Amino acid sequence: MRVLIVEDEPKMATFIAKALEEEGFALGRVTTGDEALEALMEGAFDVAVMDIMLPGPDGISVLKHYRQKGGKTPILLVSARGHVSERVEGLNAGADDYLPKPFVLAELVARVRALGRRTPEAVSLVLRVADLSMDTITHEVRRGSDVIRLSPREFRLLEFLIKSAGRTRGRMAILEAVWDYHFDPGTNLVDVYIRRLREKIDKHYEPKLVQTEKGVGYAVRNPQA
Ligand code: CA
């Protein structure tokens, strides 16, 4: 079982790591909210133990963001504060369990073990167009057998266009869905990102999937289908 430890205090992180290592778990360690989100999105862990007070976005923000993106890895929140309201906030944000500090290591280990057993059969939702596939859970994107690395925003853009099932979407609809803009910022943001997507998913491959409809917008579809 692979466990991600998100903790900014070195002593506490080492304390937790030792206990989990003794149980034979493989560990990953990060110290900030941003690193935590990145590590979680990579989908390489079965369980995460995450402190709430972190540099950058705190544990609850990371959790909310991760769940909004469809992340399913069970997360045990750990907090020094331990107020009832925080526990409720954490569970509402999508935590699977909550442990106030200070805690007994045996309890932490037992809870991590329990969460690991609960790991759902990876429910993967894979979207496909021609030989392009995108896994909306693990965020793995492939063209043929090549793995393609997209930024989170590029991923959202591609996902939105694929879910539009070949329909052409206007810039405004794209801005709303991908950037949450409800006004026209008067920039060529969409065009810039479309260009980046093309570089990554179309440039070296056939058929070209990102389609431009002049004066209307963009679509992702298989032109041969
Ligand atoms: Ca902390």
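From a predicted model like this one, the values you see are computed outputs, not experimental measurements. In each ligand, atom 1 is the first atom listed, and ligand 1 is the first ligand listed.
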Shell check on the Ca ion (ligand 1): protein N, O or S atoms less than 3.0 Å away are Asp8 OD1, Asp51 OD2, Met53 O

Counting distance only, does the side-chain N/O of Arg221 pair as donor-acceptor with the main-chain N or O of Gln211 below 3.5 Å?
no

Distance-only, no hydrogens or angles: does the Arg198 side chain make a donor-acceptor pair with backbone N or O of Val210 under 3.5 Å?
yes

Would you say Val129 ends up clustered with Val126 if hydrophobic residues are merged whenever their side chains have heavy atoms under 4.5 Å apart, either directly or through other cluster members?
no

Taking Arg169 for its side chain and Leu161 for its backbone only, find out whether a donor-acceptor pair lies under 3.5 Å.
no

Suppose the criterion is ring pair (Phe, Tyr, Trp, His ring centres under 6.0 Å): which pairs have a residue in residues 191-225, not counting sequence neighbours?
Trp179-Tyr193

Derivation of the salt bridge (Lys or Arg N to Asp or Glu O under 4.0 Å) call for Glu89 and Arg87:
CA-CA 5 Å; Glu89 196 189 356; Arg87 179 193 172 94; over 6 Å; no

